[in-house]
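Notes follow once the structure below has been shown.
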Amino acid sequence: MISVKDLKLAYGKRVLFEEVNLISQKGNGIVVIVATAAGKAIFLKIWGEEVEPNKGTVEITPGERMAVLKQNQFEFDQETVLNTVMMGHAKL
């Protein structure tokens, strides 16, 4: 399970998002749909622990994992889809 509680991220006076809450139960997926340049990539970087939020927490149930690939559409052109997905989680 992934749990996001009261997440907030702001740069100075510019608030990208605040009071974000969600729970994903086992077997469910999560889809993030927002306008371009609204903070999707930063939101995922918080999940991947690359960026620290101003407020709130992200929790992943022990034993579960989350895999993240960097946002670069051409970086993996020479790899198969399976290899690319596997790269998203170093332990795999």
Side-chain angles (χ1 to χ4, degrees):
M1 176 177 76
I2 296 175
S3 169
V4 176
K5 297 178 186 171
D6 202 23
L7 205 63
K8 176 182 179 180
L9 183 66
Y11 293 105
K13 292 183 180 182
R14 182 170 184 220
V15 177
L16 293 180
F17 43 81
E18 63 184 330
E19 298 182 25
V20 175
N21 295 284
L22 67 87
I23 295 175
S24 172
Q25 298 294 334
K26 187 173 183 126
N28 291 340
I30 297 172
V31 177
V32 179
I33 302 172
V34 297
T36 300
K40 292 182 297 291
I42 295 292
F43 184 67
L44 293 174
K45 285 181 181 183
I46 291 172
W47 281 20
E49 298 179 339
E50 291 181 53
V51 172
E52 187 73 27
N54 300 110
K55 181 181 173 189
T57 60
V58 175
E59 297 175 1
I60 299 176
T61 302
E64 298 291 328
R65 67 176 185 261
M66 180 172 157
V68 178
L69 289 173
K70 304 289 185 229
Q71 186 179 7
N72 179 343
Q73 96 183 57
F74 302 111
E75 185 171 349
F76 305 105
D77 279 354
Q78 303 303 314
E79 297 291 337
T80 65
V81 172
L82 180 58
N83 285 342
T84 302
V85 170
M86 299 284 278
M87 284 183 236
H89 195 278
K91 291 181 183 178
L92 294 177

If you round to the nearest 0.5 Å, how far is [atom2] of [Y] from [atom1] of [X]?
X	Y	atom1	atom2	answer
Leu22	Ser3	CG	OG	7.5 Å
Leu7	Thr57	CG	OG1	8.0 Å
Leu9	Lys55	CG	NZ	13.0 Å

>> Minimum heavy-atom separation for Gly56 and Pro53, please, with both atom names.
In response: O-CG, 4.0 Å
>> To check you understand the geometry: which heavy-atom pair defines the closest contact between Val58 and Ile46, and what is its length?
In response: CG2-CG2, 3.9 Å
Could you tell me which residues satisfy side-chain contact (heavy atoms from CB on, under 4.5 Å) with [X], sequence neighbours excluded, listed by chain and number?
X	answer
Ala10	Lys8, Val15, Asn54
Gln25	Met1, Ile23, Asn28
Glu49	none

> Which pairs pass ring pair (Phe, Tyr, Trp, His ring centres under 6.0 Å) with one or both residues in residues 20-40, sequence neighbours excluded?
Replying inline: none
> Looking at residues at least two apart in the chain, or sitting in another chain, which of them share a salt bridge (Lys or Arg N to Asp or Glu O under 4.0 Å) with Glu79?
Replying inline: none
> Sequence neighbours excluded, which residues qualify as salt bridge (Lys or Arg N to Asp or Glu O under 4.0 Å) partners of Lys40?
Replying inline: none
>> Please evaluate residues Glu19 and Asp6 with respect to the criterion side chain to side chain contact (heavy atoms under 4.5 Å, CB included), reporting the C-alpha separation (whole Å), side-chain torsions for both, the decisive distance (0.1 Å), and the verdict.
In response: CA-CA 4 Å; Glu19 298 182 25; Asp6 202 23; 3.8 Å; yes
>> Which residues pass the ring-ring contact (aromatic ring centres under 6.0 Å, His included) test with Phe17, not counting sequence neighbours?
In response: Phe43
